[in-house]
Each structure stands twice: as structure tokens, then as C-alpha cells.
Amino acid sequence: MSEPSTERRRQYPFHQIEPKWQQYWEEHKTYRMPNPGEHGFDPSKPKYYVLDMFPYPSGDGLHVGHPEGYTATDIVSRYRRKQGWNVLHPMGWDAFGLPAEQYAIKTGQHPSITTGRNVNRFRSQLKRLGFCYDWDREINTTDPEYYRWTQWIFLQIYNSYFDESTKTARPVSELEAQGLSREEIDARRLAYVAEVQVNWCPGLGTVLANEEVVDGKSEVGGFPVERRPLRQWMLRITAYGDRLGDELEDLDWPEGIKRHQREWIGRSEGAEVKFSIDGRDDSITVFTTRPDTLFGATYMVLAPEHALVDSITTPDQKAAVEAYRQQVASKSDMERTALAKVKTGVATGGYAINPVNGERIPIWIADYVLISYGTGAIMAVPAHDDRDHEFATQFGLPIREVVQAPAGNTEQCFTGDGISINSPLMDGLPTQEAKRKITAWLEERALGRKTINYKLRDWLFARQRYWGEPFPVIWRDGKHEALPESELPVIPPPLEDYKPSGTAEAPLSKATDWVRYSDHAQRETNTMPQWAGSCWYYLRFTDARNNSRFAGEDAERYWMGHNHKPGGVDLYVGGTEHAVLHLLYARFWHKVLYDLGYVSTPEPFQKLVNQGLILGEDGQKMSKSRGNVINPDHVIAEYGADSLRLFEMFMGPLEQVKPWSTKGVEGVYRFLGRVWRLFMESADEGDTYTLSPKVQDANAPMPLLKVLHETIRKVGADVEAMAFNTAISQMMICTNELTSAEVRPVSVLATFLHLLNPYAPHLSEELYSLLHANFPSLPAGPLSELPWPKFEEKYLIEDTIEVVLQVNGKVRGKLEVPANMDAEALKALALSSDRTQEHIAGKEVRNVIVVPKRLVNIVVK
RNA sequence: GCCCGGGUGGCGAAAUCGGCAGACGCAAAGGACUUAAAAUCCUUUUUCCGGAAACGGGAGUGUGGGUUCAAGUCCCACCCCGGGCACCA
């Protein structure tokens, strides 16, 4: 019975081949990678750790963006394995998160049930793509056996402080030994509790994470979000600001991402300067990066929320100040920033004294000064700061120039480096020297000191959510207390009702039995943010089933160390959306663990590659509402997994943004069909195939050997460079060559299958096993376990080469010459050639440029 | 506004160090096979001018300049598209 007429005939029987090999791999655990000391581990091989950013298993299943990066790492893994490396290539699930919780709110079903269902779907989809993951190492961040260690790491952070002298984390027990008080120690822990401004969303009745707020509105529902102070757990990531910036240096990351992280950290050096308040004992400290402009400070600005505002404000300004503060408080972040085209503010009526010249300057409040950065107060130098300039112009405040711009400067408000003027202490000094001098002057008089500030804020680590890791912490008499390790994991109780409470209380607070730890102690009811689980998952992969440590020491040292580089994971591939947060948070945790001696490298990820977004066929971002979403399941059903893999790699460079093309999938599908027909032919219209009579155990002719060895060379070099698209082009060229050959030597075909194997593992395995069945002298498979072929230089060397003849840079002819012809001979030959003679006749030859093996350019006049 | 990424045929793209622009694939056209179609195989395909053709000549990598014997590639200025950031003193 032939195929139904409506269905096109398959290029090759991928629908039989692919499940067959997937089953084989599963049954034989082909891709299981033992750890050091385990049976089957070969310590003589070098290690290579290839990691994908693990997915959040959403209810929608895999989209075509996932297999892009996953195929790239799969190719690299298979290639390295064939090259004789021990390759660690694992997969898991970042499964805590909002959608599962939202679904639970709607249905009352525990999130672990939906999560389990989604994970099963994702896993089977990934298996259908033929990826060579070691599934014995699969992890799930919502598994208590996993998050017990997430909680354990939190305890290590909680029990540490940052030692400024060594710039490392140290156990707080050292502070206890020094006799510090409970309060002093708590104030220095890397995990601490603070009252901070959070995003409160009245519409949803809950607190939102920063990343859940878009343009001042909730990402879900689009309700307005306001700031509100709340008691929160914080992680002291700012302590690591310098190291997180400096230690990017030796990582093989895209420069753009490194820059992005450095900007995010936003280190800036400057000085804190104390201004006394006129007529009071108090003082206000400001932060400035330009202490050299102190003589140009003509007013001062406090953030509206600044603690001293009330006491400074004079009675006649009280009403105006109150009204302004009211107005600012009611503004969302969006209104405060995006719409802040025009500066606003009011005078407090109070005055400060400039410490360098005793001048009395007015104190204003304005929302262009942020309470959360620096000291929440600035000295305004309108002549040399754009924002101050704008404000001063608007409110008619004096502008005094104290830096002379270099000649030719036309800017009204000069913000660059120049020479100090009108500044008695530093007149004539260039900016950098002036800064040093005035800072020293201030320090001598205890009026200020050198300071470093960061844009980076401490990490707000608590969420008022159900579906996240509970904190291993209890509260007794209003004080927090770590639970002992023996009580891990702390498992959240099931709830009747997962809805947010409507107050700022976390959902867990509704489980009263669970919350009550003892007569005098209650459990912490906040949970950790989704980032927590992904901060260390790469470590768990090194020893995923260890139940006495987050990962065994030997396994961690082998997979993360051993490459003499700062980063442990050799290759990490994922999307740019994690350029800052995930990568910064993971680096922070890793450094704490490194300082405490738990891991062997200072950095988690040595080489980072970002895959580019795949757009819809219309060139727009894929989205349900546009209706341009491509479902990988459908692509696999119609063309097979090998075609999907191959197309995703053939579309263009991995890092680039590129549109989907169904026609393009058909193109690579046809290519795989051509490869199939190099080996097999079919007599009827069905799925019965026999070996092609052109496949023979014969000596390969030179032209075939040449293209084959060129293909070995190019495909190998391109995998190393992750230029998969051009590797595929070369394999197409090789296939076209073989298609037109009358005889297809077995040795050439077998070698070609090795090259194709990382890209199209199912088809290549099948053809190899068919070939081996007919020619038993070939090494027995599976192909993926056989060594990668080596190219031989002798087949690449050309006897004769084509040299281009140019006259005045224009191509006028070509010459076939022996490859070893020297420059002089080439020059003589070029000058006497008929083709060049036509163009140089009657003209003066002024110069002849000879580029051996490439071209001769004759310059005439 | 600032910071990235990108602009090459009808389309996705290629071009190791400055050395023949457009490999490979898609689409299109023609041919072979077929009663016919699909599939497959072969050929053509940057563009303009001349030529029946072989071929020859000119132009051409967003725009305008520059460096060079030679520029997609290096330098300067600008335009357009995509993404990110948002007053951090």
C-alpha cells in the first residue's frame, strides 16, 4: 500500500530511523558520562563541560528558540566526544515560578502537579530532537533533594560576612570570636533583613519583583505599581561589586555582555563631603564624583524622601514642601523618570554651608535626586553638570564656572576634564589632580573622604510567593535564626488556597500549623526568588545524585577545575535576556562559595555565547497574538528532527537574529534526502530501500579525496569557531560532488558520515549501520562512539593554482600556474600575458604588485 | 537622549590577514524523466550596455568623503532598521 496521494513522499524514512536510534541511545545509555572514580571513567581524557541555560518548563512546551542553542551545544558535545574528551552535557528544569502558581490559584491544584506534567512534556520533546544529554544527571529546582542545597547555600551566605581587608567572604563565627554583638554581626551578614521600598501592586494585592514591573505597571494585568516600605531579606551583592567587575577580565564572554555587566555594577569613584546646616548642629553628607567643582556648588538638593527634610524646612516653606513630597509619592516610577522631561522641585527654606569657602547655599528638594543612590543628597554644580544646569536654569539659581574647558569647547555646560578656576585651593590644576588635592584637604579636616559608589543595589531576595524555596530561617522574639542543616530541606506545606492574601503577607502565612515552629518561634514565610535555583545548578550537574553534599568534592574539582582558567564551565550557551541578572547572581553565589572553600574556581562560566533570537516567517518577533509561532513538533512530524536541527544551524550565524523560513527547512530536508540517496535507492514508491550499486569498496579518486579532506578540515574548524552554517554548506558541496560520482567509495562515504554525525545524528547512525552491514570490515558502531576523522594535508595541496591578473586594480584575466611559482617568475609571466598586454600596451608600467598564490596587479599610466 | 547589534542579489547568507564580491541554500526560469503532475536529475540566474553565441565592457556590498597598487573589510561624517537602558551626581 503506497502513501496517501495527499501526502508528499518522504525524502527518506526519518519517521522510522529517528525513534529507532532514540530508543537505542536510551537503552544503551550511550551518553551517560561517569564521574571520576566511577566505573567506565577514563581519567586520561581531557574534560569539557558544555552547558545550556536550562529552561523554565512552561505549559506551552518547547518553542523553536530552544533547539537553536541546544543544537549548537549538542554538536559541540558530539564533536568533542568523538575527539576523545570526557564531555559533561546535562539538562534540567528551572521549575519554580509564577505561571505554575497562577494556575494553582485558578484550579487549586498543587503547582508540583502542573510542573511535573510540563517537565515530562519538555523532556520528551528534547528526546525527540536527539540531544546527547546525560539524563542520569537531570535536575529539577523544585525537587526537595535539589532545593535542600539551595537552602544550604543560603545558610552559608547567611553565616558569612565580607572581610574588606581580604575582599573575601568569611564565616561570621570569626566576628563572634572577636566579641561582636548580635546586632553588629547581623549588620554585617551577607544575608540580612532590612526595611526597603518594594513594588506594591494594589491591583493584584501583592508585592512584585522588579522584573515583574514593566514601565511602572505590573507585567501581569497592567495594574499600576507603587513603592512601599516592607521588611525584606537582602543579599549583600554590593560587597562583591569590585570583584564582579574586575574578574570579568579573563572570561571569554562577548565584550557587549561584559560591558553591560560593568555598567550595571556602575562603580564610580568620588568623595563624600559634609556640609553643615546653617543655624543647626546637624550636617548633610553628599556624594560627588567631582569634588574638584566644590567651589561651583551654588545650591544643594536632597531627595524628597531624605530623612532631614522635615527638620530643615522653614515654616513658610512647609506647605510647599509637603505638597511636593505628596505629589512625588503618588507618582509611579514611570512618571518619575520617563516623563521627567521637565525638572521639578521646591526650596526648603534651609541653607547649608559650603565647607571650602563658608558660603551659604540654599537647600532644595527635587525628585531628580534619588534616595537610593549615594547619600540621597547632592551638591549642585550647574556649570558642570547637565542635570544641575537644567534645574538651575529653570529656577533661576546662580551658575558659577569653576572648570576651564579646553580651547574649542562649545558646550554651554561643560562636563569634561579641564583646568580648575575660581577655586582658591586648586586654581590652575587639571581635573584629576584637583580631585586628589581637594579630597586630601577634606580628609585632613574630617570634612569628607574618598568613597566608591555603585549603581548595583543589594539583591532583594524575598518574594511573597508560594511556589519558591522557603527560607531555612525561623523568628524567635523578633530575631531571625538559621535552622540547623539537619532540618533541611524545608518543604512548603500544601495550601487550600494559593491566592495572595491581599495584604503584604506571603501566602505561606496562611499555613498556620506550618508557620508555628515552636511555642516561641515561627517560620519565615517569604520564599526565594526564581533566580535562586539557577544560581548554582551547574554545580549540581557535576554530581546530581549526591545526597550528602551539594556536589562531591572530586566531581566538582574535575568538572569545574582542570582547565587552568578562572571559569569552570567550558562553554555556556543561552539568550541575551540573562546578560545581567542571572549571570551576575550566579557569579556572586559562586564567589561566596569559592571564598568559603567549597568550589575550585573563582568564576562559574569561562566561555559564554548568546544565540540570536529566531523571528517568525514575517520577520516579526514570534508571538501567539501575531499568529507566527512555529511549533517544533509539527516541523519534526513533517521533516524529522535532523532537518529541524540542521535548519536551525543553517539559517545563519548562531549569535544573529534571523527569521524562520519553512522553505529553508525544506532545503536542508532535501539535502538530507540527497545524502540518503548517496547510499540507498528504492525500487518502488514505498519505504523499501536497497544499497545503491554505486556504493563500492573501491579506491577513491583524487578529486573526491580532495573535496572530502577539505570537508574534514572545514567542518572541524567551523565547529571550533561555532560557525555551523558554513560547516553545513561545505557538507552540501561534498554531497553534490559525491552525487555526481559514478562510483562512491565506501571509505569516503563512511568518513563523510562521521562529519555529518554531530549535526544529523539519527540519519548518520542509520546509514553507518547499513554501510557496516554491507561492508563488515568497517569499524563497528555506534558512529557517535567512533573517533573523529583527521584530514591529510597532502590531499589539500594544489599542484596548480589560478592567479588573478589585474591592471590598475581591475581584473583583466586569469592564469593557471604551478603552485610553487616564485614572485619574479609570476611577475614576468603576468607582464607577457596576452590579456594584460591588451591593457598595458602603449602605457608606462609604474609598479607591479605580486601577491604569491593570489594575484598580480600591474599599475600603469 | 545614551549604549549595543545590524544594513551585501528577488530572499537567508558567504568572503582566515585589505587581494577574483555573492560560496551554500531558497525562490524563479528552462530542459530531461512522466499520459500528466509531484518528486528527482541537469542547466541558467547581481545589474546595465554590445553580441546569434563564445565573449567583451561598465556599474555594484545603506549614503558621502578619505587612506591604499587594491576597501564589503581600515579611518571620518551621516542615514535607516532591530534590541537594551532610563536623571546613579
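So that the names make sense, note that chain A is the first sequence line, chain B the second, and so on, each numbered from 1.
Side-chain atoms of A/R744 come within 3.5 Å of backbone atoms of A/L738 as a donor-acceptor pair (strictly under, hydrogens ignored). At least one donor-acceptor pair closer than 3.5 Å links the side chain of A/N857 to the backbone N or O of A/G809. The backbone N or O of A/T662 lies less than 3.5 Å from a partner atom in the side chain of A/E617, making a donor-acceptor pair. Although no hydrogens or angles enter the test, the distance criterion places a donor-acceptor pair under 3.5 Å between the side chain of A/R457 and the main chain of A/K455. Of the possible polar contacts, one joining the A/R290 side chain to the A/T415 backbone as a donor-acceptor pair under 3.5 Å is found. Put simply, the side chain of A/N610 gets close to the backbone of A/G574: a donor and an acceptor are under 3.5 Å apart.
When the P atom of B/C11 is taken as reference, atom CG of A/D618 falls 17 Å away, rounded to whole Å. Spacing between atom CZ of A/R674 and atom C1' of B/C42 amounts to 11 Å, rounded to whole angstrom units. A straight line from CG of A/L615 to P of B/G5 spans 18 Å, rounded to a whole angstrom. In this entry the distance linking OH of A/Y639 with P of B/A39 reads 12 Å, nearest Å. Whole-Å rounding puts the A/Q620 CD to B/C81 P distance at 14 Å. Rounded to a whole Å, the CD atom of A/E666 is 12 Å from the C1' atom of B/A39. Rounded to a whole Å, the CE atom of A/M731 is 15 Å from the C1' atom of B/A23.
For A/V811, taking side-chain heavy atoms from C-beta onward, the closest of the listed nucleotides B/C20, B/C41, B/C87 is B/C20. Considering only the side chain of A/M732, B/C24 comes nearest among B/C24, B/C87, B/A21. Nearest to the side-chain atoms of A/R259 among the listed nucleotides B/C26, B/C4, B/A89 stands B/C4. Comparing B/U40, B/A14, B/C87 by their closest approach to the side chain of A/N725 singles out B/A14. Among the nucleotides B/C41, B/G84, B/G12, the one closest to any side-chain atom of A/P659 is B/G12. Considering only side-chain atoms of A/K658, the nucleotide from B/C24, B/A89, B/A13 that sits closest is B/A13.
Among the protein residues, A/N808 comes within range of no part of the nucleic acid, since none of its heavy atoms lies under 4.0 Å from any strand. Among the atoms of the strands shown, none is found under 4.0 Å from any heavy atom of A/K714. Note on A/R846: nothing from the nucleic acid sits closer than 4.0 angstrom, heavy atoms only. Residue contacts shown for A/R457 include a base, since a base heavy atom lies under 4.0 Å away. A/N736 comes within 4.0 angstrom of the backbone, heavy atoms only, and of no base. As judged by a 4.0 angstrom heavy-atom cut-off over every strand, A/Q11 is placed among residues touching the sugar-phosphate backbone only. Within the nucleic acid shown, A/I733 comes within 4.0 Å of sugar-phosphate atoms alone, with no base atom in reach, counting heavy atoms only. Within the nucleic acid shown, A/S268 comes within 4.0 Å of sugar-phosphate atoms alone, with no base atom in reach, counting heavy atoms only. A/E802 comes within contact range of at least one nucleobase, with a heavy-atom separation under 4.0 Å. Counting non-hydrogen atoms under 4.0 angstrom, A/G256 reaches nothing in the nucleic acid. Backbone-only engagement by A/V859 is indicated by non-hydrogen atom pairs under 4.0 Å involving sugar-phosphate atoms exclusively. At the heavy-atom level, A/T288 lies under 4.0 Å from the strands shown only through sugar-phosphate atoms. Across all strands shown, A/K455 has heavy atoms under 4.0 Å from base atoms, whether or not it also approaches the sugar-phosphate. Nucleic acid contact class of A/N857 (heavy atoms, under 4.0 Å, all strands): base.
Taking atom C1' in both B/C33 and B/G50, one finds a spacing of 38 Å when rounded to whole Å. Separation of the C1' atoms belonging to B/A15 and B/A23 is 8 Å when rounded to the nearest angstrom. Remark: the separation of the P atoms in B/G25 and B/U40 is 13 Å, to the nearest Å. To the nearest whole angstrom, the two P atoms, one in B/A59 and one in B/A21, are 12 Å apart. Rounded to a whole angstrom, the distance from the P atom of B/C74 to that of B/G58 is 28 Å. The separation of B/G30 from B/C20, taken at their P atoms, amounts to 35 Å, rounded to a whole angstrom. The gap from the C1' atom of B/G83 to that of B/A29 amounts to 39 Å, rounded to the nearest Å. Rounded to whole Å, the separation between the P atoms of B/A89 and B/C3 comes to 16 Å.
Remark: A/R10 is not in phosphate contact with B/A38, judged by side-chain N or O atoms under 4.0 Å from OP1 or OP2. One finds no side-chain N or O of A/R812 lying less than 4.0 angstrom from the OP1 or OP2 phosphate oxygen of B/C20. Distances shown here put a side-chain N or O of A/Q656 below 4.0 Å from the OP1 or OP2 atom of B/A13. The side chain of A/R854 places no N or O atom within less than 4.0 Å of a non-bridging phosphate oxygen (OP1 or OP2) of B/G18. Contact annotation: A/Y373 side-chain N/O to B/A89 OP1/OP2 distance is under 4.0 Å.
Between A/K274 and A/E272, no side-chain nitrogen of the basic residue sits less than 4.0 Å from a carboxylate oxygen of the acidic one, so the salt-bridge criterion is not met.
With hydrogens and angles left out, the side-chain atoms of A/T726 and A/D718 include a donor and acceptor closer than 3.5 Å.
Across every strand in view, B/U47 sits in a pair with B/G58 that passes the Watson-Crick or G-U test at under 3.5 angstrom. A 3.5 Å limit on both hydrogen-bonding distances identifies no Watson-Crick or G-U partner for B/G22. Base pairing annotation: B/G5 forms a Watson-Crick or G-U wobble pair with B/C81, both donor-acceptor distances under 3.5 Å. Summarising the base pairing, B/A86 is matched to no nucleotide, lacking a Watson-Crick or G-U wobble pair whose two defining distances lie under 3.5 Å. Of the nucleotides present, B/G31 is the one that pairs with B/C41 by Watson-Crick or G-U wobble criteria, both distances under 3.5 Å. As the counterpart of B/A14, no nucleotide is assigned, since no Watson-Crick or G-U wobble pattern has both distances under 3.5 Å.
With hydrogens and angles ignored, no donor-acceptor pair under 3.5 angstrom links the side chain of A/K663 to the base of B/C11.
Taking the O4'-C1'-N9-C4 or O4'-C1'-N1-C2 dihedral as appropriate, B/G51 has a value more than 90° from 0 and is therefore anti.
Between A/F14 and A/Y669, the ring planes are perpendicular. Angles over 60° get that label, and only those under 30° would be called parallel.
Mapping A/H260 and A/T726 onto RNA chain B by nearest heavy atom places A/T726 closer to the 5' end of the strand. Mapping A/T375 and A/E263 onto RNA chain B by nearest heavy atom places A/E263 at the nucleotide closer to the 5' end.
Partner of A/V803 under the side-chain contact (heavy atoms from CB on, under 4.5 Å) criterion, out of A/V851, A/V850, A/L829, A/V817: A/V817 alone.
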